[in-house]
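Worksheet: one structure, shown below.
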Protein chains: 2
Amino acid sequence: MPYDPSAFPPFAVTVDLVVLTVRRHALCALAVRRGEPPFQGRWALPGGFVRGDEDLETAAARELAEETGLLAHDPAGPVAPNAAHLEQLATYGDPGRDPRMRVVSVAHLALAPDLPAPRPGGDARSVSWVPVEELLHPAGYGRDGDVRAPLAFDHARILADGVERARSKIEYSSLATAFCPQEFTVGELRRVYEAVWGVALDPRNFHRKVTGTPGFLVPTGGTTTRQGGRPAQLFRAGGATLLNPPMLRPEA
Amino acid sequence: MPYDPSAFPPFAVTVDLVVLTVRRHALCALAVRRGEPPFQGRWALPGGFVRGDEDLETAAARELAEETGLLAHDPAGPVAPNAAHLEQLATYGDPGRDPRMRVVSVAHLALAPDLPAPRPGGDARSVSWVPVEELLHPAGYGRDGDVRAPLAFDHARILADGVERARSKIEYSSLATAFCPQEFTVGELRRVYEAVWGVALDPRNFHRKVTGTPGFLVPTGGTTTRQGGRPAQLFRAGGATLLNPPMLRPEA
DNA sequence: GCAATAGTGTCTTTGAGACAGTATTAT
DNA sequence: ATAATACTGTCTCAAAGACACTATTGC
């Protein structure tokens with residue numbers, strides 16, 4: 001096929017972000033309330049245009065920083081205190097997904113520790129952490145006047161894909177630690193797994209398994225009693241990225 | 001951010017294809033020889049522009065049919081004789097990846113049974129099955145006058161990502177059967193795993209494991225002796241898409 | 001004392017991997 | 001007969017899951 005610049009249809013390219021965290025035992029996603037049509041007043045995923053001289057990952061990291069103040073975690077660099085995991089998720093480009101124009105969106109998945117509160121970026125949109133269940137199945141929820149409407153555009157599908165990616169990736173990688181602060185206990189890590197998978201895990205088997213997987217956790221020496229009960233050892237994430245043996249998600 | 005159609009930079013959007021098959025005990029990918037600059041004379045992955053009214057998966061299926069005559073396999077529909085597995089792989093959009101213009105490419109991964117020979121599409125480019133080792137590490141190969149040059153553009157990285165996706169997906173899904181004809185033996189399926197992973201597997205343990213995983217294989221009743229030796233049972237792919245227990249890739 | 005969380009030990013079952021041995025074809 | 005491939009059985013070890021038990025805090 002000859003390359004004729006006028007022969008290809010023009011596209012807009014955006015990045016959309018599925019930013020997940022665990023708050024109060026629930027898996028939550030960052031959502032923005034739309035202030036204008038289409039889908040005015042509905043929740044949407046944060047995102048924006050890719051600039052002309054910017055690669056996709058840089059655009060995603062820029063949007064993430066603008067929305068949350070989080071830095072994308074560079075696996076080669078030092079561990080920043082406000083670092084989040086960031087990876088490409090999938091690309092969505094159905095012709096009718098945005099009624100205004102042809103937009104191809106490269107969705108990214110970010111996993112962040114629990115943050116005090118999302119601080120709005122330069123613009124004045126309302127940005128919040130919303131439980132994933134509430135965004136994906138809005139009919140069953142909606143106390144205190146929340147808008148019980150599905151996500152704008154095809155963002156429900158994008159969020160569902162991101163959640164499923166997170167659920168499967170914490171099985172065989174150490175990514176669950178991306179939801180934890182820099183130092184955390186085994187119990188806190190277990191509550192991350194329980195919130196993301198939506199199951200209850202046996203604390204005793206979990207403890208034995210997670211401390212026995214080489215490279216997953218490194219004890220820092222400190223202890224904490226912030227969960228109540230007997231003081232728990234503090235750990236930080238070890239160097240391993242792939243877990244062997246993996247953590248297995250209960251079936252049923 | 002207000003939506004001003006003139007405010008976003010224009011992109012071209014293409015689909016590139018990583019089409020894999022197993023031929024003569026080697027994992028091979030479909031490659032086209034470039035007939036014009038840039039990268040004239042080098043191997044590249046097949047691909048083309050996404051049309052203005054076409055979604056991404058349709059564009060990938062169209063390119064696949066144009067290059068190989070294969071139909072993308074619809075999981076809900078009937079099993080066509082010339083069906084291939086097709087899924088989105090990842091998106092590549094670095095500003096400099098194509099020296100002519102800003103191109104974002106949505107790569108797709110296709111897995112196909114061994115075909116007689118690739119038939120060129122409407123245009124006259126040379127299309128061949130090339131062992132992935134030869135494409136990814138061209139220095140060590142290159143008998144009979146082959147061009148020992150790396151793939152054009154960033155296609156080596158795309159191919160490597162596709163190969164790694166295939167290697168990991170046949171662990172926990174029944175996708176390895178996409179490399180086999182409609183009816184196949186346990187030995188033929190084992191040779192697929194051996195070629196994709198580049199390892200030797202114990203035929204006895206493999207047989208026991210693969211026939212014991214529920215929903216993976218369904219006996220057709222027939223037998224064949226096309227591999228020599230004792231006649232082997234013929235199977236077709238069962239309904240299961242996720243394997244439980246999974247096939248484990250040897251480590252070391 | 002009680003409640004709560006942390007951590008260890010022990011038993012059973014499942015499955016992975018090594019490998020002996022039998023079955024059925026082509027030559 | 002020999003070689004080649006297909007298939008079955010048996011053993012050992014690793015790990016998952018169930019669950020009894022002990023440890024250390026706050027109240």
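Chain letters run A, B, ... following the sequence lines, proteins first, then strands; residues in each count from 1.
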Under the criterion salt bridge (charged side-chain N to carboxylate O under 4.0 Å, His left out), I'd like the reasoning laid out for Arg226(B) against Glu183(B): C-alpha separation, chi angles, the key distance, then a yes or no.
CA-CA 12 Å; Arg226(B) 60 184 172 227; Glu183(B) 295 203 342; over 6 Å; no
Can you tell me how far P of dG17(C) sits from CZ of Arg204(B), to the nearest Å?
13 Å
Using a cut-off of strictly less than 4.0 Å between a heavy atom of the residue and any atom of DNA chain C, enumerate the qualifying residues of residues 235-246 of chain B by number.
Pro245(B), Pro246(B)
Can a donor-acceptor pair be found, under 3.5 Å and without considering hydrogens, that links the side chain of Glu194(A) to the backbone of Leu201(A)?
yes
Do the side-chain N or O atoms of His207(A) get closer than 4.0 angstrom to the phosphate oxygens (OP1, OP2) of dA6(C)?
no
Check the distance between dT5(C)'s P and Leu201(A)'s CG and give it to me in whole angstrom.
15 Å
Answer yes or no: is there a donor N or O on one side and an acceptor on the other, between the side chain of Glu171(B) and the main chain of Arg249(B), under 3.5 Å?
yes
Mind listing the residues from residues 214-233 of chain A sitting with a heavy atom below 4.0 Å of DNA chain D? Number order is fine.
Gly229(A), Arg230(A), Pro231(A)
Can a donor-acceptor pair be found, under 3.5 Å and without considering hydrogens, that links the side chain of Asp202(B) to the backbone of Asn205(B)?
yes
In whole angstroms, the gap separating P of dA4(C) from CZ of Arg191(A) amounts to 13 Å
Would you check if the side chain of Arg23(A) reaches a backbone N or O of Leu115(A) as a donor-acceptor pair within less than 3.5 Å?
yes
Rounded to whole angstroms, how far apart are CG on Asp202(A) and C1' on dA6(C)?
13 Å
To the nearest angstrom, how far is Arg208(B) atom CZ from dA20(C) atom C1'?
13 Å
Span of DNA chain D, from the first to the last nucleotide whose atoms fall under 4.0 Å of chain B heavy atoms:
dA4(D) to dT10(D)
Quick one: does any side-chain atom of Ser168(B) pair with a main-chain N or O of Arg165(B) as donor and acceptor, under 3.5 Å?
yes
Strictly distance-based, threshold 3.5 Å: is any side-chain N or O of Thr21(B) a donor or acceptor partner for the main-chain N or O of Ala112(B)?
yes
As an exercise, state the distance from CD1 of Ile158(A) to CG of Leu109(A), rounded to the nearest 0.5 Å.
12.0 Å
Please answer whether the main-chain N or O of Leu45(A) pairs with a side-chain N or O of His155(A) as donor and acceptor at a distance below 3.5 Å.
yes
Length of the CG-P vector between Asn205(A) and dG9(C), whole Å:
14 Å
Mapping Lys209(A) and Arg190(B) to their closest nucleotides on DNA chain D, which lands nearer the 5' end?
Arg190(B)
Whether the side chain of Gln227(B) engages the backbone of Glu188(B) through a donor-acceptor N/O pair (distance < 3.5 Å, no angle test) should be reported.
no
For Ala176(A), is there any backbone N or O sitting under 3.5 Å from a side-chain donor or acceptor partner on Lys169(A)?
no
